[in-house]
Each structure stands twice: as structure tokens, then as C-alpha cells.
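So that the names make sense, note that chain A is the first sequence line, chain B the second, and so on, each numbered from 1. Remember, predicted model here, so these are calculated numbers, not experimental data.
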Amino acid sequence: MAVELDVFVGNTTIMDEEVYQLWLDGYTVNDAVKVRMEGGVLDECEASADVLLSDTMDQYRTFQMCERLLHSPAKLANQLLFQIPPHRQTVLIERYYAFDDAFVREVLGKKLSKGTKKDLDDISAKTGVTLKSCRRQFDNFKRVFKVVEELKGPLVENIRQHFLLSDKLARDYAAIVFFTNNRFETGKRKLQYLTFQDFAFCAGQLINNWTVGAVDNMVEDMDVDLDKEFLQELKELKILITDKDLLDQHKSLVCTALRGKTKAFNEMEANFKNLSRGLVNIAAKLTNTKDVRDFFIDLVEKFIEPCRSDRWTAADMKLYLTHYTNSAHILDTFKHQVVWDRYMGVIKSCIFKMYHD
Amino acid sequence: MPGKLKAKIVAGRHLPVMDRASDLTDAFVEVKFGNTTFKTDVCHKSLNPQWNSEWFKFEVDDEDLQDEPLQITVLDHDTYSANDAIGKVYIDIDPLLCTEAASVISGWFPIYDTIHGIRGEINVLVKVELFNDLNRFRQSSCGVKFFCTTSIPRCYRAAMVHGFVEELVVNEDPEYQWIDRIRTPRASNEARQRLISLMSGELQRKIGLKVLEMGGNAVVGYLQCFDLEGESGLVVRAIGTACTLDKVSSGSAPNTNTHVHPNTAPASNACNSPSKDGKEPVFGEDLPSSSGPPTPFRALPTSSSSPPPFSPSKPCSRQSSSSDTDLSLTPKTVEPKPVRCRPGIFLCPSSPTLSTDTLSLPGSGSVGCGHGLSSAPRATTPPPPSSIHSDCALLRKSVSFTEDLLLAASGMGSGGSAGKEAGPLKTLLRQHTQTALEQRGASSSGLLLNAREFPFFTLTSFPPGFLVHVGGVVSARSVKLLDRIHNPALGNTRSYKLLDWNSVTADEPETRDAWWEEIRQEIKSHAKALGCHAVVGYSESTSICEEVCILSASGTAAILNPRYMREGCLDIGSTDHRFEDPSPPSCGFCHIPYDELNMPFPAQLTYCYHCRRQKVPDVLFTTIDLPSEAAVTGKGCLIQARLCRLKKKAQGEVNATAISNLLPFMEYELHTQLMNKLKLRNMNALFGLHIQISVGENMLLGLASATGVYLTALPAPGGIQIAGKTPGDLSNEHHILTIQKRINDTIAKNKELYQINPPELTEEGLGSPIPEPRQRSRLFRSHSESSDELSELDLSHGKKDAFVLEIDDTDAVEDIHSLLTDAPPPTGFYSCNTEIMPGIYNWTSGIQMFTSVRVFRLSNANLTNQGLNKIFTDLCENLLKSFYFKLRSMIPCCLCHLNFTVAVPEEELIQVAVTAVAMTFDKDQAQEKPAEKPINKGSSENEEQLQFPLELCADVSSANTQPSSKVSGVPESTNVSSRVSSLERCSPLPEGRSRSLRSSRSFGGSSVTVVKMTPLSFLPGIRIIKYLGIINMFFIRETTSLREEGGVSGFLHSFIAEVFAMVRAHVAALGGNAVVSYSMKECVLMENPNKNQAQCLINVSGDAVICVRETDQEPTASMTNIGQTCCSANDGAT
């Protein structure tokens, strides 16, 4: 004796947000029922486990049917199959495209290829995110990437328009797309302490300042790639470390400004040349794709780690970088102020963001 | 050429990829009407083609316009091989034929394929230019309006109610044609869909003709059904109530004096205004003076002496005799006959003190179960003093309900020999059949009054004053054997349109007509026996298993106010005096219609508890909705009786006999269950009673649903007393006491739950005109738990008030257990199967219509009846529990119009399908019945949701902004504009205009109109301003990859969702935004999991309407309501 068929269809599609989350999280129907029972839904409404199972199955089926539409969210609004109020559509889409920071950290900057997809079970084991959920998130990344890759215009706006996401989520996706496109290395041990949000912030900085779209919105180009011209110009900054006078002058200007304002002054003074060389070298190398990939690891190795070992505080860091950037303007022989600002502006905010434990 | 149909194919979207190589589609469209086909150009390599075709014009007869659907086929062009069909759209253009309905059909229709379901959408424009046809002998009936709604539609008033119209058409089922062996099932299903669409159109046209003939202009309560008879063909039949409706201009006050027509009645408030006599609208009174008075149809036989129009020589006249049926006795000289036995039930409303089972067996073996029994006789062990009342051929005789009863019953040829216990009686039964045959002649002539005309009304709610008295439920059933279609001409005909219904298939509809005619006659005679001249809330249904078919009809015997008909139309002779003495509307309908001194069955009558002037029965069963003016105490609730009966597998006549033998017992038990459950809830009346009996290969399922109410006018029900058979047995007695205590507790709990507090004190104060000392003692006793009282029970004494249940065997114990296992709905929930819940008056606008289907497989082959009953009961109860759980976010809410349909699709399978609507109400005001319209209270917390328009729009700017930004970020002007556009949506503007309004702010295409759906005839807080026509759609879906689609559940789930989507799309294309009186008539699922296949047929219907929010409310307030329901925690209800 068994229920062979059991369906419930409402004219307005009924969706329980809790069950939706369980579905998204990759719970099986039975596990979802367990979770719901523990959640105490039953007590509220005098229902039995059977009822819960039947409800969960119904909802899972509904979500599965909706999934096809969620792949192109714009369709959800003008499809006829499900009558879903607009605010609920928004929730559905937003939740579907939401991702786990733990998961995204693992694939950030990786090629979204079949190979990576095969490794998802390892990632699942490592992060504790179910394989099903990993696959959904991975596919979401890939889908967004594919759609946006070829599109002109501002990246965040493109994502928002095509996937009807909130501004916050669209920015996160922009970061993912940007990282994926430039294949930034994020998986090294030294970078493990950084969260996705750190990277997302940096990506935002890079997108807003270093891409073609950043300078001129009218240019029919993409936000996804770094401004090649700018990268070429960065080579000019080398003069800051190759010209001995300039380097010394720069150092003395910074030290004058810092003196007495921080406990770490001595370390700053001692390390100035090293640190400056580090930052300028990063800039000069960015024409190489390989070095672009290592951008973050370089930042950590060449700048953040030395500072951390000298126990700079975040405030020290801020102070130092501000003066380091500004002092360059006073150097008479240094002609590349615009490029310098464009470079250091991003570097400064990235390092601020990345300088934590 | 009385009509020109024009169609334009605009565009397609979301088309499926048909060419794997390019991932695109080369789509074009074929537009077909009748035998003419047009094609659009091929739109190469696009999934969103823009055809923007010319106007395709079809010049056709209006007859064809009514019968044929417009067929739109979307195909993928293929240069080298045959073009692949993507899918089809059938558009019923009937709504365009009516000047008052839609003027244009325009919108996105889902492209439907029987295998793949919905595959994209197509935008189509359809218009009709109709020329007047003044030909008297025309075959078309354009302009007759059809309504599924079983009351006078909201924006009309009934100038005249003409009466019953019925028609049926028969065809061969394409599914069973020889050609199926060579064509694909898909082609076969396509053919079936097309055929049924055609047959529906034709049926509607024919009914329309009848209506015109009667002088009407509309059919209300139109009920169309399909009988898939398998190899013997396909029957499409319909019944309805012909009316002359006048449009009420919106907002016009009910004023009988100033209106152009002197007899104007406010149809818009007819159904919900508790108006008193003074305001009583006069229907049809002054009709001759109005322009073009319709000729009223003499819907009623005037005297019983009119000669029977049946010709006795016709084979069917034999069937009209009201009895027969022990098949072994059927004269073999007659051709192999359809077996028939009609255990029509006849639920008479009363007989309280006599412990009487009123088995009225009007010849046909119909069992009338009286209720209000002070003891419940079981067929197995009849209690000593019972009496049978049989009114075969209007003869009345009483016999005691012992073996004599069965003899009497079987003597009349009834199927009384069901079950094991009836075995020994079989021989007796045979002996008496001779008598039965003799009596047959007499009864048939006595019964026949006027064979063609039936005073039946498919309406279930009426304008105030229309319904004078209600007698009780009348029903009739008949078991038939379906014959093959013996018509060689049919088998060879390939084109359905070529069939000439009047000649080729002449025999076939005739037989079916005769079957129904017979049943209707019986219903009519039952009504007469109850002293009533009309039957209201009338419906017909069938259940088919292989070649056996059970035909059922039921309704409520009633007396109607003749002023609403034409004079002389109703047979008012004996009951005349009642019209002079108008009873108060709140109780008048309860007053007995029959003659007190010459009652059709023994009944206990008391004076009306409301007006004290007329007699009322103690219990009232009806199939109609609770009249809005009725005085009710407390709230109502859903009451269901469920029953399973095993039967041996058999073939042909043996099978039919077995079924007909079982039927009376099932009816009886269902009735007993209903009565017990009613008492248990301390209620005294049932409304919306619907008894369904379904036949399967090895079992019969019976499901009776009704809404129980405590009518203030009727006496308080007594409690339920438990009596043991062996009073000496101590342990037994203890057991009985425990049960009695549980029952009493339940009654008390229910009283509280349903807030039943009858005003007993006032009664005493007034001094009741009939001294009733028993009254109080009964109330006392029913709550007493004293064993003394129990033992005092004297079963031989009939005059007991409490309902006695006797526990004499395990069956009875089971029954009582099942009585008590019915769980009440959880707090905050109410349920009923009528339009609205008695006792709830303050609906808010949140609604959620749903359909749920469950199929249960019985794995155990040797189940007992009891085991089956339990399974069936649990199945129904669990379904209800599921609904409560799913809809918990709508609390407080009421499940209205819970419509259960049961079927036995295969051996060991039980299928239950439910369609209902959950409606929210305001708890704070739940107590009193407001004099004026319910006030909708918006909840203030959801103020930010104000701007949710009535539509789901693709507008990116609004869709992707977070709710929070909506509150603060959106400037006031935006709010206003979205409000405007949502209102725009509701207005009867052509689609194009409102779309352009929105286009400025929308991104990526158009929006989708929100279409509300409800099985009710109205939407709370919303006013219907226009009826756009009837929606009647039939779909078949099939799959050969059942597992891949998520098994049967996945398959059906998406199919039902698709059906909803297609209904909504058609309504939206007509310019509507809601469907009222929606129902799912048919849901036939066939599966073969081993082959990974399944197939399902669904038939749905309803009325497309345009509605706007009640204007007398502040617009913002009602906006709040919409918004509130949209965002209620779990399921937006729109």
C-alpha cells in the first residue's frame, strides 16, 4: 500500500522559502524532511511526517521545474507556466544565484572547465557544501561568465540586467567573472587567509580603475579585461626604483612625513626601498599575463608579509601608503603622476582590504 | 456567409531548439479553420520569430464558427525532410460571437504539444465580423451566452428563468480506431483533442438553439461532461438552465421603478444581499410589457394525467419502467439489453421520532433513506420496529424493515440482494420478480407526466425570494451496459466533420438520451413525492469501468416562487396557500413543502424555531448552496462519508447486476455515515451534498461530501447514543460507556469549535407554541454520561430523540471508530464544499486556488471492506491535512468549494482529485454577520507592498530592485504609475494599449497578466464587471519517458501546471483577469511504468471575467490587501 502519485498545484505557485533553501543546499528530500521536522514545523500545525514528506516532494518538484527558467531569469518574468508574484520571483532568482563563500574561494580564478567540474567532489568534501549545491554554484558561475564574456558595456550592469540580480550579488558575480577571466591565482597557501569578500573588493577596484571601461564608458569595450595601454604605461614607473636619486628622494620625503607619527617608523624607514621596489616591480611586470595572475600573491609576498612581520598596524599601513603615494607627486623628475595615481589608488585600497589576519 | 473570421500571427517566443546543428529553429505557422489553411512565411533561425503576418481571412457559416476551433500549428521548416510540428494552439472563438463578451482575442498563447507539453508561446490576434442572420431555420445560435456559474451571474439580472436544457452528442473515440495501429499515439491524441473541441462546440451550439427556441438568451449553470466509453465511443453531454438575462449597468442601484424594464432586479447583489420581502425583486412579472418578450417555456407538466408521450413499442420505453433488474429474470426474448437498475436514493428530510428507515423504493429499486432515525438500522441486523415506505408508482405502503422489507424491496425488483447477508434472500427475490414485472406497466404510466420537460435547475444559489421551500435531496442511479456502436458507417468515416449527427449516429444519442430521460423522470417523480414541483441544484454524472456505466443524477426537490417563472409554468395546485403567506426569508425555505397530513414518509415535524408558524423537518439535506438569507447558528464544516465495497470481478451483465445490487446498500451506508457525522457535529442540515459512486473492476467507491450547518430554524439535533446488543455483559458495557463518553466529548468539543450556541433561552421565554417537554430532556440526555440513562433506552420504542448507534458487531465498532477519527481542521482553518462558509462573512482578498491529485495503490490483494474503508478514509483525511499544512501561511482561512472526485483507474488503484480555493478572512469580525458588505482590513505592516501591480511584469527595474529599495528608493511618482498600469490591466481595454503604456519602463519583452482562478462564482473584495465567455478546454498529455519526467507525480504535476497556464493565457487573451466557477471535470490518468509511459486527459471549464477591486473601498486599502496576500510569508496568493 503506497501513495503512487501525489501532486498539489496552486494557481499561484506555492513556495516555501525554507524548503527552497534546503533544495538549493542540495539536501535530499528525506534529509530535508528531517531538517524541517527538527525545525518544529510540525508542532505549529498539527501535521504528520507524511504530510511533511508530501509537501517537501511537491516543492522539490516545483523547484526542479523552475530551475530551467532560473537559468535565464529574464524568462521567469514572462513565462506562463508558473504564476509567481514579482517579489517572489526576485527572491527565487537571488537565492538561486547566491553562493557559499567557502565554495567560491575554492574556484575563484580557476578556469571554469570540465576539469574543474570534475574536482567538485573534492571541493565538496573540503568545504562541507553538498556536491549538488557545488554543481549549481559552479554552473551559475559558468553561465554568468559565458553570457557576460562577450558583452559590451559595464560588467556589473550587464550581469544585473541579464540575471536580474541585486546590486550586491551582481558585483560579486562581476568579481568572479573578472577573476576567472584574468585567471588570478587565489589558491596558494599564502592567500588562504583572504576571504572572498576581500577579493571581491579588490576586483571591484580593478574593474573600476584598471579596465578600459573605467576610463571611458563610451568605449565599446569590455570591463573584463585590463587596460593594455595602462599596463604598458606602468613600466614607466620603474624609474622610481631604478633612478637612485629618485628613490632616495622619495624615501626621505616619506620618512619626513612619517617621523614621530608611528611606532613602526624605524621598520618603515629600514624597509622603504624593499617595499617600494616590490610595489613598482609588480606594476612593471603586469604586461605579462603570467604576472597578472600572480598579482595578489605578489602583493602579499612583496608587501603585506614584510609589513606584517614588522608588526605594522592597519593604521600604520594606511599612513605609510598614503604618504608613499602622495610623496611621489612632489618628486620633480617624476613625470608619470596620472599613471601613478591610477596604479596606487587601487593598490592602496587593495592592500588596506587585504591587510588583516 | 454570415461571418468573417480574421487571424493574424504576430510573433513567437521561447521556441524550442528544433535544429541541433544551429541550436535554432526555422519556424512557420499554419492557421486552419474548417477546411481552409493559411501559412505564414518561415522565420529562419530564430527562437523568437517575428512573423507579423497579414490578416488571414476565413469566410464561414456562423454554424461553423460555433463548432470549430481556430487551429494554429507551429512548425519547424525542414528543406529536406517533413516539417516537424512544434505544437498547437486551439482557440475557441465562441466568446467573439457574443456582442457583450470579448471583441478581440489577442495575446500570448502557450504552444502545446501532447508529448512535450508547452513549447514556447505565440502571439495571435483574432477578430470576427458577424453578419446578422435572420433565417428562422438557422442552425447556429450565436449570441447565446454560456455561464458555468451556478447562480445568476453578478452583472446580470434574470428577467426570466426558462428551465432545463440538455443535449448530448456522440462520436467514435479516435483513440479506439483501427488507424491507431498505424499512426502514432501522438497523432491519435491530437485527433482526440480536436474532436472533443469540435464536439463541445457543436453541443454548445445545439443547446444554444434550444435556448433560443425557449426565448432565452443565456445558459446558466452550464455543465458539460465527457464520457469516455472506450470502444463504444465518446459522449459529450451538457445540461444547463436557460434564462433571459439582462445586463445590469455597473453601479446601478436596485430600483424596480425607474428602470427601463419594470421588473428590473439587481442581479449583482442577488446572491449576497440579505434583502427582505420589501426589496424582493420581481422576476418575469411584467415581461410582456418589455420589448420583445421571450416566450416562456412551459417547463413543467401541469397534470399527472397527461398521456405518456413514450411510445410503448419503442425498446427504450421498457427502460423507462421503473423497475427490473435481477438480470437472470430479464426476458431473454428481448435483445441483449443494457442492464439497468436504478437504486435512486431519496433522502427525505426527516422522521425524527419514529425509528424509521424510509426506504422508498419507487419501483426502480431506489432506496430512500429517511434520516433523523432514532435508530440506525443496518442492513445486516435490522432493529425491530422499522417501517419501510415504498412509493412505487406513487403507491404508498408501509412495511416493517425486516425481511419483509427486503422482500418488498426486491419485489419491486430492486438490487436488494447485495452482500453476503442478502444471499438467502435471493431466491425470494426471484419469486417476486414476476410481481415486479407486472407492476412495471402500472408504475410507468403513473409516473409519466411529460416526458420531454423537466422542471430542473442546475443553479445552486438563487435570487432572494426565488426559493420558497426545500423538500430534500432526490437522486437516482442507473447501471447500464455500454454497447458497441453498431454502426458500420461510423467506422469508415475519417473526417469528423463529415459526420452527420442527425442521420449517421442517430441511434446512438437516442439510446443515451433515453437513459438520461429515464433517470430524469425518476428524479421528477421523487420530487413530486416530496410535494415539490421543481428540482434545483441538479447535476448529472457517470462512472464508467470497462463496459459498465453508472449514470447518476441528483438534485434538491424544491418549490419555487412562480412569480419568477411564467404563470402556469409551475404546478402549484396543492401548495398554493404557501405563496400567500410569505415566510420570513431566513427560515422560509426550511418549511416543509409536502402536505403534513399526507407525508411521503413518516417524519417528525416541529414548528419552525424561527418564525413558529410553519412546520419544519428535524434534518434537511440539500444539494444547493446555503441561501444567503438563511439564519445560521455558528459556523459550518465539511462533512464527508466515505465507503469502499469490494465486488467480484465479472463481465457484462453479471457485473452490472452485482453493481446494481451493491448500490442501494452503499447509498444507505453513506447516508447513515453522513447522518452520524452531522449529529456528531451538532448540526442539523447539509448543503451542497454531492454523492459520487465510482466503479472499478473489483470495488465500488462511494464518497459523499457536504457542508454541515446548524440552521436556526430547525430543531437542535439530539446526541448520539450508543447501545450494546447484550446489555448484560459488563465488560461490553464498560466499553460502550467509554465510547459514549468519547462521543459526547466530541460533540461538546465540536459545539465549541463551530461556535454553535443556539438561542435556547429565548425559546423558553417566548413560550414555544408546541409544548415540547422532550426537548429539554433530550438536550440533557445527550450530554449525560449516566449509565442509567443508557440502560433505560428502549429500542422498541420509536420516540427517541437521540440518535442511537447500536454496537452489535465489529463492523459497528469500526464505524464508530471511523466516526471519531475524523480530525477537525487545525486552528485557524475551516473547510466547506459550498461556495462560501456558512458563518463567515468577512472575506479578505487573499485567495489560492489549487488542484491536488493522489493515487493510492492497494498492495494487499485480500483486503476486507473494513480495511478498504480505513484506507480510503485515511486517504481523504490525509489529503485534507496536507492542504491545511500547505496553506498554513494563509491562516485564518477557509477552504471553500472542496470538490473531491474519486475514481478507480485500475484494479488496486484509488484516485482522489481535489480542486478547491483557500480564502482568507478577517478573524476579528468573524462573529457577527455584517449587515452591509464585509469590510476588508488591510494590514498596515505591509504598506510597502502597495505598489505591487496586479500583474507579474517583466519589468527589470522593479523586479531586480530589492524590496527594501522599493520602500525607500522608489519615488512616489513611480508608485502611482505602477498603480495606474495595474488598474489599466483590469480595465476592458484591448491588450495592446495597456502594453504600450508599460513598454516605456519594461525591459526584455512583455508582461504576464495575473489571472486569478477560483471555483467560486465570485472573488472576495473584487467586483466582476464583465463576463467574457466560457472557458472549456480539453487536453491530453502523454509521455514515453516517464522516469525522466519525475515519474507519474512529475508528469502530472507539470501537466496540471500547464493546464493552468493555458487557461490563464486564454483568459488574458480575451482581455480578462480572472476565471470564476473554475472546475476540473475530468482527470483521467493512465500509466504503464514498466513501459515508461503515461497518458493523462484533463478537462477544465470556467467563466472568463474582467474584474476590478470593489470601488466603494479606498483604493489604497484594497491595494494593501493585494500586496499583503502577495507577500504573505509562504505563498503569495493572488
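In plain terms, the two heavy atoms of L81(A) and I118(B) that are nearest each other are CD1-CD1, 4.1 Å. The two residues T1009(B) and Q83(A) come nearest to each other via the heavy atoms O-OE1, 4.1 Å. V7(A) and S1049(B) make their closest contact through CG1-O, 3.2 Å (heavy atoms, listed as atom of the first residue, atom of the second, distance). Counting all heavy atoms, side chain and backbone alike, R13(B) lies closest to N78(A) at NH2-O, 2.9 Å. Residues Q79(A) and E121(B) come closest through the heavy atom pair CA-OE2, 4.4 Å. Here the closest heavy-atom approach between residue F885(B) and residue L52(A) is recorded as CZ-CD1, 3.2 Å.
The only member of R1064(B), K1012(B), Q848(B) that meets side chain to side chain donor-acceptor pair (under 3.5 Å) when paired with N11(A) is R1064(B).
Partners of Y20(A) under the ring-ring contact (aromatic ring centres under 6.0 Å, His included) rule, at least two apart in sequence or in another chain, are W23(A), F63(A). By the ring-ring contact (aromatic ring centres under 6.0 Å, His included) test, F179(A) pairs with F184(A), F199(A), F296(A), sequence neighbours left out.
Distance CD/E908(B) to CD/E4(A): 10.5 Å, rounded to 0.5 Å. Atom CG of D6(A) and atom CZ of F856(B) lie 11.0 Å apart (nearest 0.5 Å). With rounding to the nearest 0.5 Å, the separation of CZ in R857(B) from CG in L5(A) is 11.0 Å. To the nearest 0.5 Å, atoms NE2 (H14(B)) and CG (L69(A)) are separated by 8.5 Å.
Using a 4.5 Å cut-off between heavy atoms, Q911(B) makes no contact with chain A at all. In this structure, no portion of L875(B) lies under 4.5 Å from any heavy atom of chain A. The contact between A1057(B) and chain A is made by backbone and side chain atoms together, counting heavy-atom distances below 4.5 Å. Proximity to chain B is absent for every atom of S72(A), based on heavy atoms less than 4.5 angstrom apart.
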Please step through side-chain contact (heavy atoms from CB on, under 4.5 Å) for the pair D16(A) and R888(B), ending with a clear verdict.
CA-CA 11 Å; D16(A) 185 319; R888(B) 63 192 185 282; 2.9 Å; yes
Could you walk me through whether K886(B) and V51(A) pass side-chain contact (heavy atoms from CB on, under 4.5 Å), step by step?
CA-CA 9 Å; K886(B) 277 188 192 287; V51(A) 167; over 6 Å; no
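Ring geometry, F8(A) versus F883(B): the interplanar angle falls from 30° to 60°, so the pair is classed tilted.
The environment of M37(A) atom CE is sparse: at most 12 non-hydrogen atoms of other residues, nucleotides or ligands sit within 6.0 angstrom. Within 6.0 Å of CE on M1080(B) lie more than 12 heavy atoms contributed by other residues, nucleotides or ligands.
Interface remark: of the candidates S1054(B), G1046(B), A918(B), S1054(B) forms the most heavy-atom pairs closer than 4.5 Å to chain A.
A salt bridge does not link D50(A) to K881(B): none of the charged side-chain nitrogens sits closer than 4.0 Å to a carboxylate oxygen.
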